[in-house]
Amino acid sequence: STALKQGHITPTELCQKCLSLIKKTKFLNAYITVPEEVALKQAEESEKRYKKGHSLGDLDGIPVAVKDSFSTSGIETTCASNMLKGYVPPYNATVVQKLLDKGAVLMGKTNLDEFAMGSGSTDGVFGPVKNPWSYSKQYRGKRKQKAHGENEDSNWLITGGSSGGSAAAVAAFTCFVALGSDTGGSTRNPAAHCGVVGFKPSYGLVSHHGLIPLVNSMDVPGILTRCANDAAIVLGMLAGHDPRDSTTIQDPVKPFTLPTLADVNKLCIGIPKEYLAPELSSEVRSFWSKAANLFESEGAKVIEVSLPHTSYSIICYHVLCTSEVASNMARFDGLEYGHRCDINVSTEAMYAATRREVFNDVVRGRI
Amino acid sequence: MAAPVQRWSCVGKRWVLAYIDGGSRHGRGAAIGFTSRRKRGQSSVAQQPLVTAQKSRKGEHEWAAVVGLEIHAQISSNSKLFSGSQVHFAAPPNSLVSFFDASLPGTLPVLNRRCVEAAVMTGLALNCRINKKSLFDRKHYFYADLPAGYQITQQRLPIAVNGSLAYSVCVGKKPSQVSTKTVRIKQIQLEQDSGKSLHDEPRSQTLIDLNRAGVGLLEVVLEPDMSCGEEAASAVRELQLILQALGTSQANMAEGQLRVDANISVHHPGEPLGVRTEVKNLNSARFLAKAIDFEIERQIHELENGRKILNETRSFDYKLGCTMPMRDKEGKQDYRFMPEPNLPPLLLHDTASLPPGADPQQVINIDWIRERLPELPSETREKLIQQYGMLPEHSFALLNEVGLLEFFQNVIKETRAEPKKVTSWVLNIFLGFLKQQNLTVNESPVTPSALAELLNLLDRKAISSSAAKQVFEELWRSKGKTPSQIVSEKKLELMQDQEALERVCHTVMEGHPQVGVGGRRKAMHFSAC
């Protein structure tokens with residue numbers, strides 16, 4: 001944003017660069033929809049504002065991407081499902097509107113697991129998302145060692161999910177901020193896989209109006225960026241009460257900036273002992289220790305803490321998730337919007353056939 | 001089966017079989033009627049030999065019916081329960097539908113304050129305990145007029161519980177023989193209305209209008225304390241009057257603002273309750289009692305013939321006058337109730353518990369609402385009785401017709417006539433004319449002032465009562481004329497001058513010498529009254 005403000009680059013140039021990069025990295029399959037004309041128009045508007053010296057802030061002219069489970073007015077929103085193929089919402093999700101109000105330029109809607117059910121971004125109808133790191137020198141080197149004449153195309157890494165497209169988009173430099181959603185890790189998981197920052201706000205801090213729900217009582221919009229400072233800036237813009245979402249907290253949110261953490265002496269960091277599960281890979285465990293040691297050596301206090309209900313969490317999650325999913329998916333009947341099959345015999349038959357046609361196995365399994 | 005005509009009559013809470021054609025009592029009854037009826041499997045009455053059957057007949061056939069009601073009243077508000085779209089009757093199809101009502105994915109419910117206030121008012125008027133914390137739930141079922149596939153309701157913890165509704169029923173043949181009964185109110189809950197389905201049979205399609213989808217409803221659940229159609233109808237009527245007095249619902253059954261479902265079962269007194277059926281969507285005050293009574297009779301008939309009652313849902317066919325099983329509702333429904341995750345618990349306050357510095361737009365104070373409750377029908381009736389010495393049944397009649405009470409009160413204001421006279425004129429003559437021509441009070445050609453003037457004339461004995469009735473007829477027919485005008489036009493004034501009267505009488509008597517002394521007196525009386 002400094003570059004934009006100082007005129008080193010214009011929003012239109014930035015937008016065009018990102019658009020061409022998206023085209024070049026199409027094989028990643030990170031984007032489902034790229035509304036080029038809309039993006040260029042937004043960039044143009046941003047440029048006008050900068051010329052007049054009336055920029056809307058740090059996000060003005062910055063390319064962003066939004067997971068395809070957020071409603072975007074006038075732009076197709078599919079949730080990577082046949083159910084919503086061709087569905088163009090008439091309204092913007094609150095967080096999308098907030099980004100646009102700050103001048104962000106929407107690069108496109110990113111790929112995901114169908115209806116956000118999954119942790120690999122492999123189960124959407126538009127195909128899987130490939131992790132940009134699959135094409136890194138290191139990984140290519142490893143592959144050459146192992147594979148003999150294997151098809152290069154089939155040897156790639158997953159992005160994690162369900163917000164894999166968003167994570168890949170950020171990691172591939174096609175945008176600076178991406179919105180994902182997080183219910184049971186769907187922003188943090190792909191962030192870890194793709195080496196970017198994935199932030200999950202506390203439930204109630206950021207409005208989920210317009211986010212096509214998975215589990216209403218746990219869903220939150222997630223923020224993916226390349227550095228923590230960017231995530232903090234975006235959080236400051238998105239957090240706060242939304243009269244359209246009754247679960248957002250009423251208290252006003254004070255704007256904040258991340259402190260520059262030169263001194264970690266005052267930090268007390270807890271390491272949950274229950275997370276040291278037998279299934280944890282040695283690679284992850286060693287990095288975890290490394291990070292803990294790093295903080296300790298710099299003067300922070302690192303102690304062991306207990307989160308005693310950890311072992312029950314996944315079971316509770318499954319029960320709650322499947323109940324809410326079955327409930328939230330009940331509206332997809334083909335009647336008011338979305339795909340409808342041709343069966344005319346009876347309402348029940350039409351509902352059943354429509355839903356079988358458009359939901360994939362994962363979705364139907366959870367219902 | 002061939003049997004003498006019988007009718008079940010509701011005497012208190014018991015259903016007693018009474019033979020109507022007494023002639024056959026000694027004839028066919030024993031031979032045909034009873035032996036075949038012995039087949040009912042669950043009866044605890046032992047088989048009786050034919051000889052003694054006639055004597056114990058009355059006791060064996062006692063049935064008690066138990067009726068509970070679920071009443072849905074559309075809340076009178078500008079917008080819907082969870083969305084901002086408007087509430088209007090008879091708007092063009094699908095013109096009052098917000099994104100949330102259409103169940104567009106990602107939309108969320110936001111609670112309407114007016115609807116909550118309406119629920120609290122109604123709960124207070126019905127002597128309920130208002131729950132300071134209540135919760136919302138989802139009730140799932142698939143139907144084309146339910147876009148989201150679930151209805152948001154309050155199943156676990158509704159907004160008001162444990163109230164009562166007092167109503168009156170006729171216990172004898174005379175209208176003055178009324179007794180007050182009470183039905184307990186189990187709960188009042190807030191919930192969404194569904195859209196409307198219009199079945200287009202010729203084209204094998206169903207048209208859906210979502211204007212009504214999401215409108216706020218108050219569901220009032222009445223415990224099974226009623227025992228027949230008449231009691232149920234009276235209770236519903238009283239509830240209607242209360243809702244209208246509060247302004248929380250217009251409760252007009254014809255416009256679908258008040259819908260009643262009845263739960264009906266029968267059993268022998270002293271035995272456990274029988275299997276109940278639900279009769280749904282009774283939308284007419286006229287047919288409410290009929291439908292319930294029919295269902296009671298049907299159940300008794302089935303059980304008498306050894307068959308069982310199915311726990312099913314039925315609808316009432318107005319044309320045929322009978323209940324029929326509803327096709328789509330066969331089998332028990334699992335609604336998979338689940339807490340509504342998008343709505344936090346609804347917290348209400350009273351003056352003592354109001355959080356300091358709270359935004360008045362965001363809190364509801366129960367005490368504040370209680371202090372401002374309008375006068376309820378029972379209070380209004382009591383006032384009429386106290387103030388005017390009115391008979392209770394007359395106070396009921398005045399409140400029963402829309403606008404009639406106001407009309408009555410306006411007449412009272414402008415007339416010197418005794419309140420009893422006014423009551424009699426309003427309820428008998430005025431109301432009689434309205435009913436004859438199927439008009440509402442608002443459509444009446446006679447204004448309260450006109451009637452007041454007429455009654456004043458009557459009161460000062462300027463005209464006779466029969467003349468007054470003639471004047472009234474004329475008032476009804478021709479607008480714009482005042483009673484005094486009509487009286488002078490038609491020369492209906494009573495003669496006040498004593499001498500002139502005597503002269504007339506003499507003339508009459510001279511013309512009719514055959515009329516004797518008694519006749520003279522009668523004649524004199526005639527013209528003086």
Side-chain angles (χ1 to χ4, degrees), chain A residues 69-73 77-79 81 83-84 87 89-96 115 203-204 207-219 242-250 320 323-324 326-338 344-348 350-352 355, chain B residues 82-84 94 97-112 136-152 195 197 199 203-208 210 213 327-328 334-347 355 358-359 361-363:
Chain A
S69 55
F70 286 92
S71 269
T72 42
S73 179
T77 302
T78 66
C79 291
S81 173
M83 180 76 235
L84 292 177
Y87 168 63
Y91 73 101
N92 273 328
T94 301
V95 288
V96 171
F115 279 115
Y203 185 82
S207 167
H208 66 274
H209 170 257
L211 169 60
I212 297 174
L214 178 65
V215 182
N216 284 117
S217 53
M218 295 187 241
D219 286 351
D242 181 10
R244 278 178 283 243
D245 180 350
S246 310
T247 61
T248 50
I249 48 171
Q250 305 261 358
L320 294 174
S323 330
E324 290 219 26
S327 177
N328 288 327
M329 295 295 129
R331 66 184 60 207
F332 296 115
D333 51 23
L335 216 53
E336 297 86 13
Y337 49 82
N344 269 331
V345 172
S346 74
T347 313
E348 281 97 6
M350 190 275 278
Y351 273 35
R355 289 160 70 83
Chain B
F82 294 117
S83 73
N94 291 317
V97 186
S98 68
F99 299 150
F100 174 74
D101 303 328
S103 81
L104 289 192
T107 52
L108 300 171
V110 182
L111 188 53
N112 177 336
F136 288 99
D137 304 296
R138 290 184 183 178
K139 177 179 179 184
H140 300 83
Y141 60 93
F142 284 106
Y143 205 69
D145 64 17
L146 196 65
Y150 59 84
Q151 175 202 36
I152 302 180
S197 306
H199 300 289
R203 290 194 205 94
S204 306
Q205 59 182 10
T206 302
L207 305 166
I208 308 288
L210 293 179
R327 246 180 324 124
D328 342 8
D334 177 9
Y335 292 112
R336 294 180 287 131
F337 284 100
M338 182 185 106
E340 168 59 67
N342 290 317
L343 291 169
L346 174 60
L347 297 173
D359 179 6
Q361 285 291 323
Q362 292 294 327
V363 292

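A note on names: the letters A, B, ... follow the listed sequences, proteins ahead of strands, and every chain is numbered from 1.
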### Query
Given the rule in the ring pair (Phe, Tyr, Trp, His ring centres under 6.0 Å) test, do A:His209 and A:Tyr91 qualify, once you have shown the distances and angles that lead to the verdict?
CA-CA 10 Å; A:His209 170 257; A:Tyr91 73 101; 5.4 Å; yes
Could you tell me which portion of [X] (side chain, backbone, both or neither) has an atom closer than 4.5 angstrom to a non-hydrogen atom of chain B?
X: A:Ser327; value: both
X: A:Leu211; value: backbone
X: A:Gln250; value: side chain
X: A:Asp245; value: both
X: A:Tyr87; value: side chain
X: A:Pro90; value: both
X: A:Phe115; value: neither
X: A:Asn328; value: both

### Query
With no hydrogens and no angle check, is any side-chain donor or acceptor of A:Tyr337 less than 3.5 Å from a backbone partner on B:Ser103?
yes
### Message
Ignoring hydrogens, what is the shortest heavy-atom contact between A:Arg331 and B:Pro105? Give both atom names and the distance.
### Response
NH1-CA, 4.1 Å
What distance do [X] atom [atom1] and [Y] atom [atom2] have between them, rounded to the nearest 0.5 Å?
X: B:Leu111; Y: B:Phe82; atom1: CG; atom2: CZ; result: 5.5 Å
X: B:Arg336; Y: A:Ser323; atom1: CZ; atom2: OG; result: 9.5 Å
X: A:Thr247; Y: B:Leu108; atom1: OG1; atom2: CG; result: 7.0 Å
X: B:Tyr335; Y: B:His140; atom1: OH; atom2: NE2; result: 13.0 Å
X: B:Asp145; Y: B:Leu207; atom1: CG; atom2: CG; result: 12.5 Å

### Query
Taking A:Ser246, A:Pro243, A:Ala326, A:Ser217 one by one, which has the highest count of heavy-atom pairs under 4.5 Å against chain B?
A:Ser246
## Note on the structure
Max heavy-atom pairs within cutoff under 4.5 Å with chain A, candidates B:Ala102, B:Pro147, B:Gly106, goes to B:Gly106
### Query
When heavy-atom pairs shorter than 4.5 Å are enumerated against chain A, which of B:Pro344, B:Gly149, B:Ala144, B:Gly84 gives the highest number?
B:Ala144
### Message
Quick check on B:Pro109 against chain A: is it the side chain, the backbone, both or neither that has a heavy atom closer than 4.5 Å?
### Response
backbone
### Message
Is B:Gln362 close to chain A through its backbone or its side chain, or both, or neither, when contacts mean heavy atoms under 4.5 Å?
### Response
side chain
